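Worksheet for the structure shown next.
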Amino acid sequence: MSVAGHAFGIDIGGSGVKGGEVDLTTGELVHDRIKIATPQPSTPKAVAETVAKIVAQAGWDGPVGITIPSVVIGGVVRTAANIDKGWVDTDARALFSQALGGREVTVLNDADAAGLAEDRYGAAMEHTGLVMLLTFGTGIGSAVMYNGMLVPNTELGHMDVHGKEAEHRAASSVKERDGLSYHKWAKEVSKVLVALENLFWPNVFVAGGGISRDYEEWIPLLTNRTPVVPATLRNTAGIVGAAMAVSAGIAP
Ligand code: BGC
C-alpha cells in the first residue's frame, strides 16, 4: 500500500537497518519502526536483501528513501568509512530499486538525512540561517543546511583538527574505546566545534547520534561559542529524512 502525504524511509547503520512509513505532515512514524540486524559482512547484496525484507514486512509499495553512511553522488556510493568496502562505486540506487521491484528509490548520506529531518521537524525547526548537524557515533557525520536547503555530502568528520581527523578525536566510539569521561570527551568535541565555527559560522549546531540522549551530561561542558542543541528526533531522524528526500526528489 502507499498513502498520499506519506513516504517510506530506511536508515542503514552499522548495527541495524531500520525502516518505517513516515507521515510527512508531522514527521512522525505511522507505525513502530522495523529493525533488522545489519548483515555481517554488510555487502551491498546482503544489505539490499535486508532492505527488501523490511519494505515487504511493512507492506509498503510506494517510493523508498534510503540512507547509507557514505558519500553518494548520482545514486552511486563513493566512500565507505564505516561499512563494507564493497560499497565503493556501487550504484546503490539501481541496486535497491531492483531489489524493490523497480520502484522509485533515493539514496543519500545518513547524516544528510538526519539533518533534513532535524531542520524541518526537530531541534533546528525554530532556527533560520546556517544549521550544522553533527552525528556522534562510530564516526562523525555532518549535514549543512541553509534556510532548509541541504548542501549534500559534506564530510566534516574527516576534517583535520590540530593534526587529527575530527572523528578520530571526538566520535562517541572514541569516548567508549578510550574510556574517556564526559569532561575529557567534551574538550575534544569543543576543539572540533571551534574549528568548524571558525570556518562556517553556523547559527546553530545540532548534536545527534546515540550520545545526544545524554546531552545534559556533556553539552553544558562545551566551550565553543555557537549554541549547541541536542537532536530531538533521535533514532528516527534518518528514517524521516530519507522519506523526506524521496518525496521531495532530493537525489544527491
Ligand atoms: C562517513 C560519513 C557518515 C558518518 C556517520 C563518516 O565516517 O564518512 O559519510 O555520514 O561517518 O555515519
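It should be emphasised that the depicted structure is a prediction, and the values quoted were computed from it without experimental measurement.
Residues forming a ring pair (Phe, Tyr, Trp, His ring centres under 6.0 Å) with Phe205 (at least two apart in sequence, or on another chain): none.
Looking at Asn198 and Arg225, their side chains do bring a donor and an acceptor atom within 3.5 Å of each other.
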Distance-only donor-acceptor hits, side chain of residues 6-14, under 3.5 Å, sequence neighbours excluded:
unit_1	atom_1	unit_2	atom_2	d
His6	ND1	Glu21	OE2	2.7
Asp11	OD1	Thr67	OG1	2.5

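Residues Val55 and Val64 come closest through the heavy atom pair CG2-CG2, 4.3 Å. Across every non-hydrogen atom of Val206 and Val131, the tightest pair is CG2-CG1, 4.0 Å. The heavy-atom pair separating Thr135 from Ala114 by the smallest distance is CG2-CB, 4.5 Å. Nearest heavy atoms, Gly238 versus Ala113: O-CB, 3.8 Å. Residues Leu24 and Arg120 come closest through the heavy atom pair O-NH1, 4.4 Å. Looking at every heavy atom in both residues, Met159 comes nearest to Leu196 through CE-CD2, 3.6 Å.
Here the OG1 atom belonging to Thr90 is positioned 9.0 Å from the CG atom belonging to Asp84, to the nearest 0.5 angstrom. To the nearest 0.5 angstrom, Tyr215 atom OH is 14.0 Å from Leu221 atom CG. The CE atom of Met125 sits 7.5 Å away from the OG1 atom of Thr232 when rounded to the nearest 0.5 Å. Taking CG from Asn147 and CG from Leu130, the interatomic distance works out to 9.0 Å, rounded to the nearest 0.5 Å. To the nearest 0.5 Å, atom CZ of residue Phe96 and atom CG of residue Leu100 are 8.5 Å apart. Going from atom CG of Leu133 over to atom OG1 of Thr154 covers 9.0 Å, rounded to the nearest 0.5 Å.
Applying the side-chain hydrogen bond (donor to acceptor under 3.5 Å, both in side chains) test to pairs two or more places apart or on separate chains, those with a residue in residues 168-186 are Arg169-Glu188, Tyr182-Asp214.
Proximity of Thr26 to Asp23: side-chain heavy atoms (C-beta onward) are separated by under 4.5 Å at one or more points. For the pair Pro63/Thr106, no side-chain contact is recorded, criterion being any heavy-atom separation below 4.5 Å from C-beta on. The shortest distance between side-chain heavy atoms of Val17 and Ile54 falls below 4.5 Å. Two residues are said to be in side-chain contact when any heavy atoms from C-beta on lie closer than 4.5 Å; Ile68 and Val107 meet this criterion. The shortest side-chain heavy-atom distance between Pro230 and Ile219 falls under the 4.5 Å cut-off.
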Can you check side chain to side chain contact (heavy atoms under 4.5 Å, CB included) on Glu104 and Val246, steps first, answer last? CA-CA 8 Å; Glu104 186 192 343; Val246 73; 4.1 Å; yes

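In this structure, Lys191 places its NZ atom where more than 12 heavy-atom neighbours from other residues, nucleotides or ligands lie under 6.0 Å away. By the 6.0 Å contact criterion, CD on Glu217 is enclosed, its count of non-hydrogen atoms from other residues, nucleotides or ligands being greater than 12.
At least one test fails for Arg78 against the ring of Trp87: distance under 6.0 Å to the centre or angle within 45° of the axis.
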